[in-house]
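One structure is given here, and the rest of the page talks about it.
We count ligands from 1, going down the list as the structure has it; atoms in each ligand are counted the same way. It should be emphasised that the depicted structure is a prediction, and the values quoted were computed from it without experimental measurement. Along the sequence shown, residues carry numbers from 1.
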Amino acid sequence: MVDQFVGTWKMSLSENFDEYMRAIGVGMASRQVGNVIKPKFIVSVAEGVISMKTQSTFKSTEIKFKLDEEFEERTADDRVTKTIVSFINGKLVQKQTWDGRSTTLERALESGKLITTCTAGDVVAVRTYEREA
Ligand code: DKA
């Protein structure tokens, strides 16, 4: 269940993220920052509403949503997306669409780590988070 994702996570490894950011149209200046920061990712649930906060020295964002209900999201790189998050086969699957484009952020728990797989077309980045609390 989603409850297993609840807690505070710290990124420890980021693979192919520059290519992913290019694929979703992030400009060079933000990519340079995005490549070096190690965000915290904080998940909580209250009365069926899920909160996902991403905190870093660059920018902090929070989205609050119910599963399978579309909402508007402003991303750290300032895209305004239509977003829907579903829980599929034990994974939190976040689909963002904007300007006729789309990307998916899939979060899974593997050996006690939170693995975020970011996909845009044929570009895939994988980011590993370790539990802090
Ligand atoms: C993650 O949760 C992936 C978040 C993807 C953000 C894309 C934009 C970043 C711009 C610095 O680890």
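Scanning the protein heavy atoms around atom 2 (O) of ligand 1, the nearest turns out to be Arg107 NH2, 3.1 Å. In terms of protein heavy-atom proximity, atom 6 (C) of ligand 1 is closest to Phe17 CZ, 4.2 Å. Among all protein heavy atoms, the one lying closest to atom 3 (C) of ligand 1 is Arg127 NE, 3.7 Å. At the shortest separation from atom 10 (C) of ligand 1 among protein heavy atoms lies Asp77 CB, 3.9 Å.
Under the 4.5 Å side-chain heavy-atom criterion for Ile, Leu, Val, Met, Phe, Trp and Tyr, Val2 and Leu114 are members of the same hydrophobic cluster.
Closest to atom 7 (C) of ligand 1 by heavy atom, among Met52, Arg79, Lys59, is Arg79.
Look at Arg79 and Asp77 and you find a salt bridge, because one of the NZ, NE, NH1 or NH2 atoms lies within 4.0 Å of a carboxylate O, short of that distance. Remark: Lys113 does not engage Glu110 in a salt bridge, criterion side-chain N to carboxylate O under 4.0 Å. With salt bridges taken as basic N to acidic carboxylate O contacts below 4.0 Å, none links Glu132 and Lys10.
Under 4.0 angstrom from ligand 1, the non-hydrogen atoms of Phe58 all belong to its side chain.
By the 6.0 Å and 45° rule, Arg107 does not stack over the aromatic ring of Phe5.
Note: an N/O pair closer than 3.5 Å links Tyr129 and ligand 1 by distance alone.
Distance OG/Ser14 to OH/Tyr129: 7.5 Å, rounded to 0.5 Å.
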